[in-house]
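Numbers for residues simply follow the sequence, beginning at 1.
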Amino acid sequence: MRHALLFSVFVIASCGLAYELIAGALSSYLLGDSVMQFSTVIGTYLFAMGVGSWLSRYITRDLIGRFIQIELMVGLLGGFSAVGLFLVFTWLSAPFKLVLYLVVFGVGVLVGLEIPLVMRILKRELAFKDLVSQVLTFDYLGALAVSILFPLILAPHLGMVRTGLLFGLLNVGVALWALHLFREQLPAHRALLAQSWGVFGLLLAGFAGAGQLTSMAEAHVYADEIVHAESTPYQRIVVTRWRDDLRLFLNNNLQFSSHDEYRYHEALVHPGLSSLPGAKRVLVLGGGDGLAVREILKYPGVESVTLVDLDPGMTDLFSTAPALVALNEGALKSDRVTVVNADAVQWLEESRDYFDFIVIDFPDPSNFALGKLYTAAFYRLIEKRLSANGLLVVQSTSPLYARQSFWCVVTTLESVGFKTSPYHTQVPSFGEWGYILAGRRSFVPGGLELPKTRYLTPQIIPGMFVFPADMGRVPAEVNQLNNQVLVRYFEAEWRKVIR
């Protein structure tokens, strides 16, 4: 019996941490700023556990029965937390944060009640020093197990909704096991058994219908029909379609619309690459959709393109889905293209190759994981891989809506010795969008010969490097790894635009 209860401690510790990680990850997906979300979720959860531990002193009778009921409540609330939060966000976005922290607080209070009750049940069999050490050992081991399994297996393969429901079932499993162990000591055994199987049935039905629940929730997030949705270890990938318009969303953020993506990608690639007639080796960082590579392959003189994208889910999707392969014109299958799925920082540190043109096409710096890819330290790595007369281009968010963020990227590039040439263009899906060309020499637009394009012409390129007054340069700090000032600029500026 003692070993069974200690194993229960292992399970309930795993479940408690899983609900905490689900709330933090889901809020990061939906609200951005992962450091802020995880910090506040963890703080609220730990405080609630303290409240629960304090409240446990008032449970004085039928400890085993109360423990079983608490397990059922944790399983029900924690198990359905992910799908509930998802539905609240899609249908009632205004109170999402309030509901998020109420759920986290509720789960934390219930989890805080669990361990003191188990310790009081076990104290009849163990001395105090053994009781505390063994209970805490199994508690910490359970937390360790789920902290490893969650990012590697559970979140990418089961998704948030099914993961939550799975751990809810485990909590009910603990309740049923306790019912079996203490069946002779429970006067309300039949009532508790009925409650346990009722909650188990609800969670099992939710687990079986998790795909439909997720689809129903996402159908309200995205205005158009979802034609592909998957969770990878790195992000949530959703592709929607309306008539002939395909749209890609990563973690709920629009990445492109097929109606006007050519404007973005032509502006990203051609002003720089067309000025390098001798360019033979090109590096693309990010851009797993292959659309920037499509534009690069229009230059017959380019002998090799290396695409480094962290997520194999992205490059596999855009290499195999017929509609998406048609959009990038099979760029990722070209003999001239090498696809590498790796972290850009680690790959740059290990690489010994030099490139004539480097395209940096990462998502906007909406969190610190992405913000590190816009730091001075990262650009110093880039400088080591750039050939003597090479150029690099960085997509750099909107100079109109996120003006200080845009010029922060310029300042950061200049801080490592690059000469910069910022420019901008209009992309209807995003509005005014900004880019920065950089190299060891100054870039002078004009006199460029372009391959076949739908938007760019040699005549309009010089005007892209002219900024109106409301997008002109403003002071900004250098984005360093230890301050990530760019993420703070970005959050503050886009918060005024996105409602």
Side-chain angles (χ1 to χ4, degrees), residues 256 259-280 282-284 287 291-302 355-361 364 374 379 382 386-414 416-476:
F256 72 73
H259 275 183
D260 57 21
E261 58 78 16
Y262 65 91
R263 277 181 161 246
Y264 171 92
H265 291 100
E266 288 180 8
L268 176 69
V269 170
H270 296 304
L273 189 52
S274 64
S275 71
L276 298 169
K280 297 184 183 302
V282 177
L283 173 64
V284 180
L291 298 173
V293 176
R294 177 196 65 199
E295 297 302 315
I296 294 166
L297 293 177
K298 292 179 180 179
Y299 293 83
V302 171
F355 299 91
D356 303 309
F357 188 57
I358 299 176
V359 178
I360 305 175
D361 190 20
D364 283 346
Y374 291 79
Y379 294 141
I382 291 289
L386 190 66
S387 62
N389 295 313
L391 290 174
L392 64 97
V393 63
V394 185
Q395 89 78 16
S396 308
T397 196
S398 171
L400 179 62
Y401 302 125
R403 185 176 177 182
Q404 194 169 28
S405 301
F406 176 82
W407 292 105
C408 174
V409 181
V410 175
T411 301
T412 305
L413 283 163
E414 291 174 345
V416 300
F418 284 121
K419 297 183 184 299
T420 63
S421 299
Y423 63 104
H424 62 98
T425 196
Q426 180 74 18
V427 182
S429 293
F430 299 108
E432 200 70 39
W433 212 253
Y435 313 83
I436 304 163
L437 272 170
R440 298 183 183 89
R441 57 183 176 84
S442 298
F443 174 82
V444 180
L448 307 176
E449 292 188 13
L450 299 178
K452 184 179 179 180
T453 55
R454 297 172 62 187
Y455 163 59
L456 279 188
T457 65
Q459 292 74 31
I460 69 170
I461 287 179
M464 295 165 64
F465 290 80
V466 178
F467 284 79
D470 60 352
M471 293 192 291
R473 187 160 191 167
V474 292

query: How many angstroms lie between atom CZ of Arg294 and atom CD of Glu266, to the nearest 0.5 angstrom?
result: 7.5 Å
Aromatic contact, His265 with Tyr455 (centres under 6.0 Å): no
field: Which atom of Thr425 lies closest to which atom of Arg263, heavy atoms considered
entry: CG2-O, 4.5 Å
- prompt: Can Val269 and Val393 be said to form a side chain to side chain contact (heavy atoms under 4.5 Å, CB included), step by step?
  reply: CA-CA 8 Å; Val269 170; Val393 63; over 6 Å; no
- prompt: Under 4.5 Å between any side-chain heavy atoms of Tyr374 and Cys408, yes or no?
  reply: no
- prompt: Below 4.5 Å, heavy atoms only, C-beta onward: do Gln395 and Trp433 meet side chain to side chain?
  reply: yes
field: pair Phe430-Asp364: side-chain heavy atoms closer than 4.5 Å
entry: no
- prompt: Atom OG of Ser275 and atom CZ of Phe357: how far apart are they, to the nearest 0.5 Å?
  reply: 7.5 Å
- prompt: Side-chain contact, heavy-atom cut-off 4.5 Å: Tyr423 with Leu437?
  reply: yes
message: Taking the ring of Tyr435 and the ring of Tyr264, is the distance between their centroids below 6.0 Å?
response: yes
Shortest non-hydrogen contact between Arg441 and Leu276, atoms and distance: NH2-CD2, 3.3 Å
query: Between the side chain of Trp407 and the main-chain N/O of Pro399, is any donor-acceptor distance below 3.5 Å?
result: no
message: Is it the case that the side chain of Asp260 and the backbone of Val427 share a donor-acceptor pair, with hydrogens and angles ignored and the cut-off at 3.5 Å?
response: no
field: Ring centre gap for Phe467 and Phe406 strictly below 6.0 Å
entry: yes
Exercise: identify the closest heavy-atom pair between His424 and Gly463: NE2-O, 4.5 Å
message: Rounded to the nearest 0.5 Å, what separates atom NZ in Lys419 from atom CD in Glu414?
response: 9.5 Å
- line: Distance col, row Leu297:CG vs Tyr299:OH, nearest 0.5 angstrom, shows 11.5 Å
query: If you round to the nearest 0.5 Å, how far is CZ of Arg440 from CG of Asn389?
result: 8.5 Å
Min side-chain heavy-atom separation Tyr379-Leu392 under 4.5 Å: no
- line: Which of Val409, Val410, Ile360, Leu413 passes side-chain contact (heavy atoms from CB on, under 4.5 Å) with Ser396? It is Val409
- request: Supply the atom-to-atom distance Leu291 CG to Leu268 CG, rounded to the nearest 0.5 angstrom.
  value: 10.5 Å
- prompt: If you take all heavy atoms of Pro475 and Gln404, which pair is closest and at what distance?
  reply: O-NE2, 3.0 Å
field: Validation row: His270, Pro451 side chains within 4.5 angstrom (heavy atoms)
entry: yes
message: Tell me the closest heavy-atom pair linking Phe465 and Pro422, and the distance in Å.
response: CD2-O, 3.4 Å
query: Given the rule in the side chain to side chain contact (heavy atoms under 4.5 Å, CB included) test, do Leu450 and Lys298 qualify, once you have shown the distances and angles that lead to the verdict?
result: CA-CA 9 Å; Leu450 299 178; Lys298 292 179 180 179; over 6 Å; no
field: Beyond-backbone contact of Ile461 with Leu456, side-chain heavy atoms, under 4.5 angstrom
entry: yes
Taking every non-hydrogen atom, the tightest pair across Gly272 and Leu391: O-CD1, 3.9 Å
